[in-house]
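What follows is one structure encoded as structure tokens, with my remarks underneath.
The sequence lines fix the lettering, A, B, ..., with proteins before strands; numbering per chain opens at 1. These numbers come from the heavy atoms of this one structure, side chains and all, not from hydrogens, waters or symmetry mates. Bear in mind that the values here come from a model prediction, so they are computed numbers and not experimental data.
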Amino acid sequence: MRLISYVCKQFSPEVMKYLCVAEKNDAAKNIAKFLSKGTSNRREGLSKFNKIYEFDCQVRGQQSRMVMTSVSGHLLNYEFSSQYRSWNSCNPVLLLDAPVNKFCPENNIKIKKTLEREIRGCNGLIIWTDCDREGENIGMEVVNVCTEVKRNIVVYRAKFSEITGPSVFRALNNLEEPNKNVSDAVNVRQEIDLRTGAAFTRFQTLRYKNVFPNILSDKLVSYGSCQFPTLGFIVDRYLLVQNFIPENFWKIKMNHKVGDLSTDFNWVRERLFSKEAVMMFLDICKDNPVANVENVENKPKNKWRPLPLDTIEMEKNISRKLKITAKETMKVAEKLYTQGFISYPRTETNIFPKELNLRELVEQQTNDNNWGPFANRILEEYGGPNPRQGKKSDQAHPPIHPTKYAENLQGKEKQVYEFIVRHFLACVSQDAVGHETVVHTDVSSEKFTARGLIIIKRNYLDVYIYEKWNAKEINDYKIGDTFTPTVLEMVEGQTSAPNYMTESELIAIMEKNGIGTDATHAEHIETIKSRDYVTLRDNNYFIPTNLGLGLVEGYNQLEMEISLSKPVLRANFEKDLQLICNGVKRPDEVLNDQITKYKEVYQQVMLKVGLIDRTLAQHLNDTPHEYQEPQFQTNTYRSLMKCPRCGSDINLRDMKNGRGKFIGCSGYPGCKYVIWLTFGYSEIEVLDESCNICGPDVKKLKIKFDQNPFLGEPNPNVLCIGGCDPAVLTALNISLTDNSGANNHSRTEAPSSRPAQNNTSFNNARPNQSVGIPNVRPNQSIIPNPPRPTRVVPPRNLPSSDDTIVCNCNEPAVLLTCQNNGPNNGRQFYKCYCNDPSRKCNFFLWAPEEGHGPEPRASAASAEEEEIKCKCAMMAVTKTVQKEGPNKGKQFYTCPKPMGSSCNFFKWVDEDNAAGGSTSYRGRARGRGRGRGGGANHGNRTLSNQPRAPRKCGICGQEGHTRTRCPNK
DNA sequence: GCAAGGTC
């Protein structure tokens, strides 16, 4: 509560306006209805899924304005960085630790925009999402979106277990803080599910379409941490049935008939697997076939009313008794919940909270024609509701119960609602009461018993029509009675295999093993049906298909310590997630553990994959083709640096039209950060070499310019665009902070000719529209490394008359020879000798040589020979007049930028450059550069005597030196 | 074309 007391001081109490966000539209509607007491005004959100309700309400003792709206489940979703999304982009194993980002899917954008719009007018936020693990995470997504727009807002969490008037007011009067631990656990769960699911799904699909093209060429052979263990349960039962060997058994049957009343007696030995032995016992009995009644037990026997209803029990019972599938049941229950007829249908709790007014709930049902009289009996005859209590609680939702009487429901809604009401009334009523009689008899020392049942009060059975309790009348025996059995004979039987698995059993075993949630069991079952892993026999029993059986058997053949089709991996993961919730384990710790485990599994699978192939081949009855490894794309991009906007990697990427490259964020489309390369180049690549100044995350770029903007520098040049050298950014027209399109035009094309994807998406990117939330691993920062303060290097002027060249470290420079294949091949240059990265000495200087000395400028330079710069210091391009007229065909220099952002520089090619007066900055001819800035600007020696505009330092703007020698660094 | 979890 510390947060709350702190932030409350930030605002004047009379102006509080809260944005309230529920998990779904109907919940928002009902919460608003109760809180506003029916006075809320409705208006439309930007999405049809989130209406907005406005009303006044007391919050923490203050009259406040409430703006109630909703999301629609999760707002964001994890996705791989774009370069990993294509199925042939990489080996699937790389997906286990490839970069992932959270982004807002297209169909949630309007919901997100609604939140962003509404929070601007509010100074508080109250999270009303469901009070479970996922709801906490959804709430945190809302908090992140809203605080990104408006930082200083009060954030509260409303905790409620049902949407009723008392419950929501109780939540409002006991506002809490969001729980970050719980939200973190969900993030880990999401990330691991995506990584493992995608990695193994791609592996299986790509491999088996190749190995069994006749059968699986078009099949999606998916893997999921829940779907595979679910398949495994069905296969286990199937194999149990298939491998079952029946055995014959024999037993003695005894019956006694008195008039019309027939009483069966059970042999205490039940059955024996030896015919001879049973025959022997029967012979003994028949020697003196008189039954002596040794004892008669009379005792009360109750049949217990059901426990309060949780989701699993609801799914199992409705599946078994009403023959409605779990998936359908949940769909119907969800609808009933959103209509306010029942409480939240996803609950693990079977204990009613004390504060829930059960009497009121029973009273709501008293007018029904079918169960109304029973409800009245609870109130009048039983002294009010008396629930049987279970032992489970999820601390979030109460057991499923009716919250409102419904009389006009139809079809399955009616059936499900009726089940929930009858179950509720049953569990708060009384156990059925009966009387049991057990008769013990002796026939020649062999014991036989008979049981009779008299039902005294049916109680809950009157309303819970789904259960039967049959009375069994037997003869009235007394101790000491003797009688001759009507039937005394040997009967033969055979053990039988268990049945294949029913849905009800499957859900039970999933729950027991922690596979899926109460909300998703039904989904996983549907998934394995749709993948053709299992099929339904007689509309009731699950059996695996050849594919499902082959896959599970294949993995089982590997005899791995941890099998993908066994539930242990998921179960252990769930335990770790709970530890994150409890604050015992750190999320990154669990994440890394899981990734390591799955990598080991993947490696083991790869080692013995032939065994899976052969097992699958047997089950599919097909000959496996030799596996051809797909040609995975090799252009998985090397990270250039971290995105200034979202912290993901940004990479040098190919334009879709193949006409160049650009630098884009791997979080696209979540993050649309992009740098267009507006300068001319023939080669560009990201090197392994990191920038000493910007840090290890920032790699250097090697660029071969069409026209080298760095006069005298080698071409190709090795540069850093991480921000350590503003002159580089200026020369390349790159802005790291402004990404609204300052350089958002392609290298050589007008924006309209860019690929459509980039043309629309990237141009629309604005900083506050970021939808990407980076997946920040522990050692990552979401903010790129800022340029470190550059070491101060005092200017060291080289003696102009001295032949010794010294570098910026004041050490003699080393004379090297250019080895590249460019025009400078074989040419000599000076470089820092000490080669100590910590010194950050970038010294470079061409050595004077014959034929490379000062040259007179060509009087009428062609574009090839002369470098002309425009007003924005870009290398001017040569164009030819196309317009009809006297100048048609004449060449001119102009700014390389497209119309609209051009500096409008203009100069005729044949104009006398030497005359001066031009606005251009003239450089050296290609391949004839000298020291940076033409030598003179290095301050060490002049290697060119060409007339030129004075160069200014890219860092401090002063003349007389350049960035490498800047005293103000 | 991948997961599981929300919800419509």
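In this structure, A:Leu231 places its CG atom 14 Å from P of B:dA3, rounding to the nearest Å. Atom-to-atom, CZ of A:Arg85 to P of B:dA3 comes out at 16 Å; the value is rounded to the nearest Å. When the C1' atom of B:dA3 is taken as reference, atom CD1 of A:Ile515 falls 13 Å away, rounded to whole Å. Counting to the nearest Å, the C1' atom of B:dA4 and the CZ atom of A:Arg570 are 7 Å from each other. In this structure, A:Glu79 atom CD and B:dG5 atom C1' are separated by 14 Å, rounded to whole Å. A:Ile525 places its CD1 atom 13 Å from the P atom of B:dA4, with the value rounded to the nearest Å. Following rounding to the nearest Å, A:Asn187 (CG) and B:dA3 (C1') show an atom-to-atom distance of 15 Å. A:Glu191 has its CD atom 16 Å from the C1' atom of B:dC2, to the nearest Å.
Note on A:Thr520: only backbone sugar-phosphate atoms sit closer than 4.0 angstrom, heavy atoms only; bases stay farther off. When heavy atoms are screened at a 4.0 angstrom cut-off, A:Ala519 is found touching the sugar-phosphate backbone but no base atom. Counting any heavy atom pair closer than 4.0 Å across all strands shown, A:Thr517 reaches sugar-phosphate atoms only and no base atom. Note on A:Lys331: nothing from the nucleic acid sits closer than 4.0 angstrom, heavy atoms only. Residue A:Gln227 is classed as a sugar-phosphate contact, given heavy-atom separations below 4.0 Å to backbone atoms only. Using a 4.0 Å heavy-atom distance criterion, A:Arg189 is classed as a base contact. Across all strands shown, A:Tyr344 has heavy atoms under 4.0 Å from sugar-phosphate atoms exclusively, and none from any base. Residue contacts shown for A:Phe200 are absent, as no nucleic acid heavy atom lies under 4.0 Å away. Residue contacts shown for A:Glu136 are absent, as no nucleic acid heavy atom lies under 4.0 Å away. A:Gly135 comes within contact range of no nucleotide atom at all, as no heavy-atom separation falls under 4.0 Å. A:Asn25 comes within 4.0 angstrom of the backbone, heavy atoms only, and of no base. Contact annotation for A:Gln190: base contact, defined as any heavy-atom pair under 4.0 Å involving a base atom.
Under the rule for a side chain to side chain contact (heavy atoms under 4.5 Å, CB included), the partners of A:Ala508 that lie at least two apart in sequence or sit in another chain are A:Lys316. Here A:Lys110 pairs with A:Leu46, A:Ser47 under the side chain to side chain contact (heavy atoms under 4.5 Å, CB included) rule; sequence neighbours left out. Contacts of A:Arg42 classified as side chain to side chain contact (heavy atoms under 4.5 Å, CB included), with partners at least two apart in sequence or in another chain: A:Glu44, A:Lys51, A:Tyr53.
A:His521 and A:Glu511 share no side-chain donor-acceptor pair at under 3.5 Å. When only modelled atom types and interatomic distance are considered, A:Tyr627 and A:Asp613 share no side-chain donor-acceptor pair under 3.5 Å. Checking A:Thr527 against A:Gln227 by side-chain atom types alone, no donor-acceptor pair falls below 3.5 Å.
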Extract all donor-acceptor atom pairs below 3.5 Å that involve side chains of residues 327-334 of chain A and protein atoms in other chains or at least two apart in sequence.
unit_1: A:Lys327; atom_1: NZ; unit_2: A:Glu523; atom_2: OE2; d: 3.4
unit_1: A:Thr329; atom_1: OG1; unit_2: A:Thr325; atom_2: O; d: 3.0
unit_1: A:Glu334; atom_1: OE1; unit_2: A:Arg346; atom_2: NH2; d: 2.7

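Contacts of residues 211-220 of chain A with DNA chain B (heavy atom under 4.0 Å): A:Leu220.
Distance from the side chain of A:His74 is smallest for B:dG6 among the nucleotides B:dA4, B:dC2, B:dG6. Nearest to the side chain of A:Leu206, among B:dC2, B:dG1, B:dC8, sits B:dG1.
Taking only distance into account, the side chain of A:Ser72 meets the base of B:dC8 through a donor-acceptor pair shorter than 3.5 Å.
The salt bridge (charged side-chain N to carboxylate O under 4.0 Å, His left out) pairs that include a residue from residues 573-585 of chain A are A:Arg133-A:Glu574, A:Arg570-A:Glu574, A:Asp576-A:Lys585, where partners are two or more places apart or lie in different chains.
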